[in-house]
Amino acid sequence: MLSLAVSCVVASLASVAHGAGWDGSRYAWYSSDAAGDWHNALPIGNGRLGALVFGSLNEKLTLNENSVWSGGWQDRVNPKSNKDVVARTRDMLIARNYTAAGEYALTNMAGNPTSPRAYQPLVDLGLEFGHSSAGVSNYARWLDTLEGTAGVNYTYGGVTYTREYVASYPHGVLAFRLSASKAGSLNVKLSLNRTQWVLAQGAAVGDNAKSGVHALTLSANSGQATGALTFGSEARIVHSGGTATSADNTTVSISGADTIDIIFNAESSYRYPEAAAARAEGQRKLGAAVTAGFPAIRDAAVKDFRTLANRVKLNLGESPNGAAAKPVPERLVAYRKDADADPQLVTLMFNFGRHLLISSSRDTGLRSLPANLQGLWNPFYSPAWQSKYTININLEMNYWPALVTNLLDTQKPVFDLINVAIPRGQAVAKAMYNCDNGGFVLHHNIDIWGDAAPVDKGTPYTIWPLGAAWLSHDVMEQYRFTQDKTYLRDTAWPILRQAALFFHCHLFQWNGYWTAGPSLSPEHGFEVPNVPGASTVGKEEGLDISIESDNQILRQLFTAVLEACQALELPANSTDCAAAAKFLPGLRPPGISAKTGAILEWREDYPEHEPAHRHFSNLFGIYPGSQLTPHANYTAAAKKHVDRRLAAGSGSTGWSRTWAVNLYARLREGELAYKSLQTLLQKFPSDNLLNSDSGPGSSTQIDGNFGFTAGVAEMLVQSHEGTIHLLPAIPSAKQIPKGEVKGLTGRGAFVVDVSWADGKLVEARVVAKAYDTSFKLKVLGKDTGFTINGREVSEVKTTAGGVYRILPVK
Ligand SMILES: *[C@@H]1O[C@H](CO)[C@@H](O)[C@H](O)[C@H]1NC(C)=O
Ligand SMILES: *[C@@H]1O[C@H](CO)[C@@H](O)[C@H](O)[C@H]1NC(C)=O
Ligand SMILES: *[C@@H]1O[C@H](CO)[C@@H](O)[C@H](O)[C@H]1NC(C)=O
Ligand SMILES: *[C@@H]1O[C@H](CO)[C@@H](O)[C@H](O)[C@H]1NC(C)=O
Ligand SMILES: *[C@@H]1O[C@H](CO)[C@@H](O)[C@H](O)[C@H]1NC(C)=O
Ligand SMILES: *[C@@H]1O[C@H](CO)[C@@H](O)[C@H](O)[C@H]1NC(C)=O
């Protein structure tokens with residue numbers, strides 16, 4: 001993901017602060033509206049439909065549906081691309097003719113057009129109340145991270161007006177209720193709007209203007225003359241009291257009502273290619289929701305959300321002096337001055353990350369879609385980086401908290417999208433690489449169609465055939481966390497083996513190692529070294545062979561294949577298992593720089609083009625992978641690399657900073673990890689707490705929110721080395737004197753609660769989830785100093801549902 005700065009002017013509806021009563025670990029609350037700035041609007045969602053709550057007096061809600069993209073599938077494969085191009089590029093790279101190889105590969109391999117499709121806005125919902133800001137007092141707007149709901153209330157003319165905003169996973173709709181403390185006080189004009197490619201728009205007042213159900217509809221498409229994606233949206237309006245009228249085809253006005261409920265849905269041709277089927281699905285959801293009524297929709301939505309959100313509870317202590325009860329914008333300003341004054345902001349940000357994942361990624365049935373670069377929320381027709389699925393770190397980072405913070409339910413959309421991408425990736429493997437063995441290749445971005453061709457046109461990012469291999473890491477991790485063999489056999493294995501198959505064909509022997517390439521170290525360039533034969537010396541290049549991160553990703557992939565072969569009891573001589581056993585030991589081990597002691601990024605110690613570069617790709621094997629953590633020489637060299645990068649100015653995008661948190665956590669550097677969490681909060685969140693790329697108001701990148709939540713969890717519980725490690729990287733006692741977390745999960749299917757004080761264990765509890773197994777335990781880096789169920793041991797056999805209490809030895 002490239003770095004991009006956009007500045008933005010924020011004006012605000014002034015109001016009186018009245019903070020007492022808000023739990024600052026749970027609520028993000030505001031004493032003013034978002035003043036039209038989407039970096040201040042609050043995100044809610046049901047995994048498919050999203051809303052951004054601005055809370056203005058004339059409300060404008062940005063509504064999204066996650067399959068509304070800028071067009072249908074496009075075949076972007078470069079017609080000049082074939083196996084000879086790959087072979088020739090390889091030969092040039094082996095001969096160190098880097099510059100010529102880069103130019104040749106871009107000309108012959110880059111896709112046309114260079115970009116896949118972009119994520120698009122759906123519609124805005126307008127609610128005009130006719131209130132003027134002069135008469136408003138006690139304004140509050142909030143997001144409840146544990147219920148997934150948002151709200152607005154204020155007093156106007158002696159009446160309190162309240163708005164409730166709900167995204168319902170069970171009913172599959174968005175539902176909003178407007179109410180007032182005095183009967184008959186609501187006068188609201190409602191409208192849907194969209195500026196591009198509207199096909200039809202309507203407003204219908206029901207048969208009975210006093211108690212009927214009224215509707216606003218809008219249908220549109222992605223604008224192409226043929227093959228466009230089409231979508232329709234509808235808001236049903238139900239009111240008690242008052243009268244409905246419509247003066248035109250685009251608005252409904254309700255006057256003198258007690259309450260007004262708005263139930264919203266949208267469907268697209270992505271899931272329902274037949275217009276009639278899309279319409280029927282929309283009517284089914286809306287009909288059921290309207291019949292249920294707002295209170296039942298809200299209760300079911302909250303119950304569902306809480307079932308997931310409540311699985312984990314984090315407590316890092318209370319912020320002194322009521323700091324956490326203040327509105328978020330004030331808290332962020334105060335935090336920039338003194339990060340230690342509001343530890344509850346860390347807890348809120350942790351909860352917010354889980355809120356975002358639950359809200360933007362659920363199994364919504366047919367072809368569910370994962371969280372994209374902005375999750376689910378997007379008001380722009382040209383969003384930053386098309387708001388697509390960038391798979392050289394960003395989409396994967398979105399799912400870093402999914403397993404460890406007990407949100408398995410959010411993972412299915414990733415598998416659905418991979419399954420859409422597999423046939424595309426097989427076609428590209430054949431066309432570009434002449435690999436026709438059923439393997440699939442993805443490059444560094446995909447869209448909802450699984451577009452597998454190379455993206456953009458630059459040597460540090462375009463020709464990177466490792467996308468499917470990296471994506472399959474998360475797929476295998478789900479098995480490790482759940483030990484669910486049905487999942488492994490039916491879902492994970494087909495993906496893993498097809499990701500690996502591509503490399504059976506692609507890898508070649510170089511210097512005695514199985515080697516991938518042409519490839520690159522995601523988005524980072526090197527300067528051509530001054531060695532015999534190299535050209536053009538000193539020039540920035542990106543393309544090479546035997547990239548360090550490629551080797552680490554492949555080591556992780558073949559290890560996963562062998563692990564699956566064993567778990568599924570597949571014959572060792574089957575093609576998949578035998579190939580993994582052949583390639584794994586033949587991958588080049590990491591190099592360590594003689595000059596700096598840090599892990600190398602390329603096949604040799606090339607001069608880095610950007611010593612402060614944001615990607616830590618050559619530490620994949622520390623996090624999210626785990627192959628390097630058991631080796632002291634590599635962890636020391638990895639720490640050198642992170643330290644050097646940060647000292648040079650890396651961690652300069654929000655997501656990059658959170659990758660540093662997770663790396664430091666794996667390197668057992670709790671104090672440094674916590675410092676980077678604090679830096680993240682000081683530098684990157686916009687007022688709505690969404691992570692930004694390069695500072696508040698710059699483009700939103702939700703990966704940093706997810707990386708933050710994962711990082712907190714990784715500091716408290718780890719399980720990647722076959723051991724449950726409690727408190728592996730806690731903050732220093734000065735940073736956080738005591739804390740507690742409940743409900744994190746560990747590989748092997750365990751749920752873990754742990755508390756600590758003054759740098760020492762207070763107590764912990766491990767619950768074995770699935771079936772009879774065993775676990776090994778470490779606490780604070782040691783396998784002694786504690787008891788498990790009263791015995792001084794570090795390993796116990798477990799029974800399904802067994803509870804194991806861990807206490808320090810007195
Ligand atoms: C690099 O490759 C280009 C294109 O094939 C060729 O013209 C050039 O002579 C090569 N340079 C070296 C130093 O081999
Ligand atoms: C708005 O709702 C909050 C939270 O329930 C409550 O504390 C506050 O008193 C309400 N404000 C008004 C003006 O009613
Ligand atoms: C709704 O209209 C406003 C004002 O014209 C525009 O900025 C916004 O983009 C429109 N919304 C959509 C979804 O097109
Ligand atoms: C509403 O739409 C209908 C049907 O398209 C059209 O005949 C009518 O003129 C429209 N009314 C307004 C006020 O635009
Ligand atoms: C694999 O091994 C089994 C048992 O030794 C043998 O029966 C089978 O023929 C072998 N298959 C292949 C593909 O070599
Ligand atoms: C690092 O340690 C591993 C495992 O002990 C060893 O195989 C490897 O050779 C070492 N690498 C270096 C560069 O010392």
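In this chain, numbering begins with 1 at the start of the sequence shown. As the structure lists them, so they are numbered: ligands from 1, and atoms in each ligand from 1.
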**Student:** Among all the protein's non-hydrogen atoms, which is closest to atom 10 (C) of ligand 3, and how far away is it?
**Tutor:** Asn193 ND2, 2.7 Å
**Student:** Check the side chains of Asp687 and Tyr30 for a donor-acceptor pair under 3.5 angstrom, ignoring hydrogens and angles.
**Tutor:**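 No, because no side-chain N or O of Tyr30 sits under 3.5 Å from a partner of the opposite role on Asp687.
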**Student:** Can you find a protein heavy atom under 4.0 Å from atom 4 (C) of ligand 5?
**Tutor:** no
**Student:** Atom 2 (O) of ligand 5: which protein heavy atom is closest, and how many Å away?
**Tutor:**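 Closest protein heavy atom to atom 2 (O) of ligand 5: Asn573 ND2, 2.2 Å.
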**Student:** Does the side chain of Glu65 come under 3.5 Å of the side chain of Ser67 through a donor N or O and an acceptor N or O?
**Tutor:**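 On atom types as modelled, these side chains qualify, holding a pair under 3.5 Å.
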**Student:** Compute the shortest N/O to N/O distance between Ser535 and ligand 1 and return yes if it is under 3.5 Å, no if not.
**Tutor:**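 No, there is no polar N/O contact under 3.5 Å.
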**Student:** Look at atom CH2 of Trp197 and say whether more than 12 heavy atoms of other residues, nucleotides or ligands are closer to it than 6.0 Å.
**Tutor:**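 Not more than 12 within 6.0 Å, no.
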**Student:** Under the side chain to side chain donor-acceptor pair (under 3.5 Å) criterion, do Asn372 and Ser387 qualify, and how do the steps go?
**Tutor:** CA-CA 6 Å; Asn372 61 45; Ser387 190; 3.0 Å; yes
**Student:** With respect to Tyr381, determine whether any N or O atom, backbone or side chain, lies less than 3.5 Å from an N or O atom of ligand 3.
**Tutor:** yes
**Student:** Which pair of heavy atoms, one from Leu93 and one from Ala101, lies closest together, and at what distance?
**Tutor:**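 For Leu93 versus Ala101, the nearest heavy atoms are CD2-CB, 3.6 Å.
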**Student:** Do any nitrogen or oxygen atoms of Thr195 lie less than 3.5 angstrom from nitrogen or oxygen atoms of ligand 3?
**Tutor:**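 Looking only at distances, the answer is yes, because the N/O contact criterion of under 3.5 Å is met.
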**Student:** So, Phe380 versus Trp38, ring centres under 6.0 angstrom or not?
**Tutor:**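 They qualify: ring centres under 6.0 Å apart.
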**Student:** Tell me which protein heavy atom sits closest to atom 11 (N) of ligand 3, plus the residue, atom name and distance to 0.1 Å.
**Tutor:**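 Here the nearest protein heavy atom works out to Asp124 OD2, 2.9 Å.
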**Student:** Classify the contact between Arg88 and ligand 1 as side chain, backbone, both or neither, using a heavy-atom distance cut-off of under 4.0 Å.
**Tutor:**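 Contact part for Arg88 vs ligand 1: side chain (C-beta onward).
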**Student:** Assess, by modelled atom type and distance only, whether the side chains of Asn97 and Ser535 contain a donor and an acceptor separated by less than 3.5 Å.
**Tutor:**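 Indeed, the side chains of Asn97 and Ser535 share at least one donor-acceptor pair under 3.5 Å.
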**Student:** Can you confirm whether the side chains of Asn445 and Thr390 place a donor and an acceptor under 3.5 Å from each other?
**Tutor:** yes
**Student:** Is atom 7 (O) of ligand 5 less than 4.0 angstrom from some protein heavy atom?
**Tutor:**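 Protein heavy atoms within 4.0 Å of atom 7 (O) of ligand 5 - there are none.
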**Student:** Among all protein non-hydrogen atoms, which one is nearest to atom 14 (O) of ligand 1, and what is the separation to 0.1 Å?
**Tutor:**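 For this ligand atom, the closest protein heavy atom is Asn97 ND2, 3.5 Å.
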**Student:** Within a distance under 4.0 Å of any heavy atom of Ala100, pick out the atoms of ligand 1 and give their elements.
**Tutor:**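 This gives 1 (C), 2 (O), 3 (C) as the contact atoms.
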